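Before any comments, here is the structure.
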Amino acid sequence: MALAKRIIPCLDVDKGRVVKGVNFVDIRDAGNPVEVAKRYNEQGADEITFLDITASNEDRETTVHMVEEIASEVFIPLTVGGGIRTCEDIRRMLNAGADKVGINTAAVFNPDFVREAAERFGSQCIVVAIDCKRVSEEGEPGRWEIFTHGGRKPTGLDAVEWAVKMTEYGAGEILLTSMDRDGTKNGFDLEVTRAISDAVQVPVIASGGVGNLQHLADGVTQGHADAVLAASIFHFGEYTVPEAKAFMAAQGIEMRL
Amino acid sequence: MKTIAVIDYGMGNLHSVSKALEHVANDQQVIVTSDPEVIRNAEHVVLPGVGAIRDCMAEIRRLGVDKVVQENIASGKPFLGICVGYQALMQDSEENGGVDCLGQFDGHVRFFGESLVDEAGEKLKVPHMGWNKVKQTRSHPLWQGIEDDARFYFVHSYYVEAGQSDQVIGETVYGKTCHVALAHDNVVAVQFHPEKSHHAGLQLLKNFAEWDGKLDGKL
């Protein structure tokens with residue numbers, strides 16, 4: 001099978017700068033988003049995800065301009081997420097040059113928004129972002145719940161059921177983040193990744209917890225993810241995208257080299 | 001100044017396509033437009049498109065883009081269809097319960113199906129999303145400087161089955177053999193997104209921008 005698994009560097013952007021939080025709290029500066037995106041494009045990244053983590057109204061204009069600038073120079077797919085609440089938000093980001101938008105909290109509060117967005121813009125550009133935490137006890141069968149507001153608010157929604165529902169509503173892709181793992185460098189939560197990837201028909205992007213290249217490979221081989229997303233291992237120069245691709249290809253994973 | 005017209009019918013990833021064309025075009029101006037006069041005066045025409053085919057075809061007909069496409073193709077100028085703009089050039093599509101398309105190519109748009117599997121019997125995801133290899137089944141000016149089996153970026157749930165195999169210039173295997181690039185006289189059309197396919201995609205767009213629409217005995 002020749003379809004390549006994808007490596008997606010993620011830019012968490014706060015007030016116009018790339019930052020990376022550990023469990024969404026401790027923030028480190030990793031540079032200008034346009035420069036960072038260009039660097040990953042040159043390295044051969046398969047896509048880029050831009051997450052606007054402040055998403056206040058004033059910063060929204062900045063984001064639109066940055067997306068325009070990135071899209072003028074980076075000719076690989078670009079997903080923009082953070083604060084996408086209305087079809088007008090989606091229209092603005094697509095017009096600015098985004099290829100897909102990530103819908104997170106808005107989907108939880110109003111699932112019909114996903115349906116409306118998919119009907120209007122096509123499923124191919126609707127990524128539903130799922131932030132979940134493991135709520136089962138050690139030794140129990142795995143159970144994960146959706147959390148909003150940067151992992152602070154539980155919703156009572158089961159993550160696997162939610163993912164299936166979102167694809168029925170028209171999500172073209174699932175971006176799955178384990179809030180337990182995000183920023184820890186302990187690797188993806190492979191169990192929930194596999195549970196969701198096997199349950200849905202659309203591609204799943206694994207996110208949260210990558211600390212080394214084996215974690216990326218495990219996301220595909222054990223988590224059954226179609227794409228793997230990582231931030232800090234690339235931002236701070238620990239690994240380059242070509243190193244990650246070569247490592248994964250050496251484990252028999254189909255990659256675009 | 002010579003121009004490349006990107007047809008705007010409200011359904012395209014127009015920014016991406018026009019930015020990528022601007023990046024590779026030397027002395028050509030890229031204009032995103034729905035004005036038939038501007039398109040008529042352009043040397044190159046691109047029909048992009050994303051989303052559902054029913055909505056795309058409805059807008060194409062409502063805005064008279066169907067006639068514009070027909071006229072510009074008949075004029076012999078280089079014409080490029082991308083993604084849904086590619087599918088729109090076929091006879092019909094199975095999407096949305098069946099939609100009649102523009103019929104510029106003898107071909108049908110089929111659904112991948114719910115139970116798509118690879119050669120090893122492993123389940124394949126739909127949409128077909130990501131970087132896949134394109135086998136160049138025929139030579140064409142569009143392929144100049146691009147390696148055979150180069151990877152391009154795809155996002156689609158429906159694929160083209162061409163009616164005339166001699167028009168197929170590129171194939172990709174995803175559960176089944178998909179015809180992902182067709183050519184006939186001055187018209188070329190591709191299922192993948194060259195504007196999102198990094199070096200290979202930009203090279204393809206550059207080849208198109210430099211093409212005069214003639215085949216010099218090829219094909």
Side-chain angles (χ1 to χ4, degrees), chain A residues 1-8 41-48 67-78 91 93-100 118-127 167 170-174 197-198 200-205 224-227 245 254-257, chain B residues 11-20 22-24 49-56 83-84 112-120 122-135 149-157 172-175 193-202 205:
Chain A
M1 121 124 200
L3 183 67
K5 300 296 178 183
R6 290 168 278 153
I7 291 186
I8 308 178
N41 179 51
E42 282 155 19
Q43 286 187 6
D46 297 310
E47 284 186 40
I48 288 174
V67 169
E68 275 174 358
E69 214 178 320
I70 292 172
S72 302
E73 303 193 51
V74 170
F75 300 105
I76 56 174
L78 175 65
R91 165 75 61 202
M93 287 306 169
L94 296 181
N95 282 347
D99 299 286
K100 314 181 204 177
E119 277 175 11
R120 188 142 156 214
F121 303 104
S123 290
Q124 84 291 333
C125 69
I126 305 300
V127 182
T167 62
E173 197 170 32
I174 299 287
S197 191
D198 289 352
V200 300
Q201 178 72 17
V202 304
V204 170
I205 304 166
H224 299 178
D226 301 279
K245 287 189 166 186
E254 187 87 28
M255 302 300 295
R256 178 178 73 106
L257 298 172
Chain B
M11 299 295 292
N13 47 341
L14 302 170
H15 182 100
S16 300
V17 174
S18 66
K19 287 297 169 190
E22 278 171 19
H23 194 79
V24 298
V50 295
I53 192 81
R54 182 187 54 208
D55 297 348
C56 284
C83 195
V84 177
F112 272 124
E114 302 281 347
S115 48
L116 195 67
V117 291
D118 67 9
E119 312 85 79
E122 293 286 317
K123 180 181 112 171
L124 293 176
K125 299 290 182 80
V126 176
H128 173 217
M129 182 186 287
W131 300 78
N132 211 335
K133 291 178 179 173
V134 174
K135 178 154 191 53
D149 281 333
R151 288 183 187 275
F152 288 87
Y153 187 81
F154 289 87
V155 187
H156 61 125
S157 299
T172 292
V173 176
Y174 191 67
H193 288 276
E195 75 282 8
K196 287 290 153 188
S197 297
H198 208 210
H199 295 313
L202 291 175
L205 292 175

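Quantities reported herein were computed from a predicted structural model and do not represent experimental measurements. Note on naming: letters A, B, ... go to the chains in the order of the sequence lines (proteins, then strands), and numbering restarts at 1 for each one.
- For Ser197(A), the parts lying near chain B are the backbone and the side chain together; criterion is any non-hydrogen pair under 4.5 Å.
- A distance of 12.5 Å separates CH2 of Trp131(B) from CG of Leu257(A), quoted to the nearest 0.5 Å.
- Here the NZ-NE2 distance, from Lys123(B) to His224(A), works out to 10.5 Å after rounding to the nearest 0.5 Å.
- Here CD of Glu42(A) is found 7.5 Å from NE2 of His198(B). Values are rounded to the nearest 0.5 Å.
- Distance check: Cys83(B) SG to Gln124(A) CD gives 7.0 Å after rounding to the nearest 0.5 Å.
- Looking at Val74(A), only its backbone comes within 4.5 Å of chain B, counting heavy atoms on both sides.
- Of the atoms belonging to Ala227(A), not a single heavy atom falls under 4.5 Å from chain B.
- Annotation: side-chain hydrogen bond (donor to acceptor under 3.5 Å, both in side chains) contacts of Lys133(B) (sequence neighbours excluded): none.
- When all heavy atoms of Asn132(B) and Leu3(A) are compared, the pair lying nearest together is OD1-N, 3.6 Å.
- Nearest heavy-atom pair, Gly97(A) versus Ser16(B), reported as atom, atom and distance to 0.1 Å: O-OG, 3.9 Å.
- Checking His193(B), His23(B), His199(B) one by one against Phe75(A), the ring pair (Phe, Tyr, Trp, His ring centres under 6.0 Å) holds for a single residue, His23(B).
- The structure places CZ of Phe152(B) at 11.0 Å from CZ of Arg256(A), a figure rounded to the nearest 0.5 Å.
- With sequence neighbours excluded, the residues that form a side chain to side chain contact (heavy atoms under 4.5 Å, CB included) with Ser72(A) are His15(B), Lys19(B).
- With a 4.5 Å cut-off on side-chain heavy atoms, Lys100(A) and Met129(B) count as touching.
- When side chains are defined from C-beta on, Val202(A) counts as touching Pro127(B), because their heavy atoms get closer than 4.5 Å.
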Assess whether salt bridge (charged side-chain N to carboxylate O under 4.0 Å, His left out) is satisfied between Arg151(B) and Glu254(A), documenting all intermediate values. CA-CA 12 Å; Arg151(B) 288 183 187 275; Glu254(A) 187 87 28; 2.5 Å; yes
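- Remark: side-chain polar atoms of Lys196(B) are paired, donor with acceptor, to backbone N or O of Ile76(A) under 3.5 angstrom.
- Between chain B and the options Gly122(A), Pro203(A), Ala71(A), Pro77(A), heavy-atom pairs under 4.5 Å are most frequent for Pro77(A).
- Only the side chain of Glu173(A) has a heavy atom closer than 4.5 Å to any heavy atom of chain B.
- In this structure, the portion of Asp226(A) lying under 4.5 Å from any heavy atom of chain B is its side chain and not its backbone.
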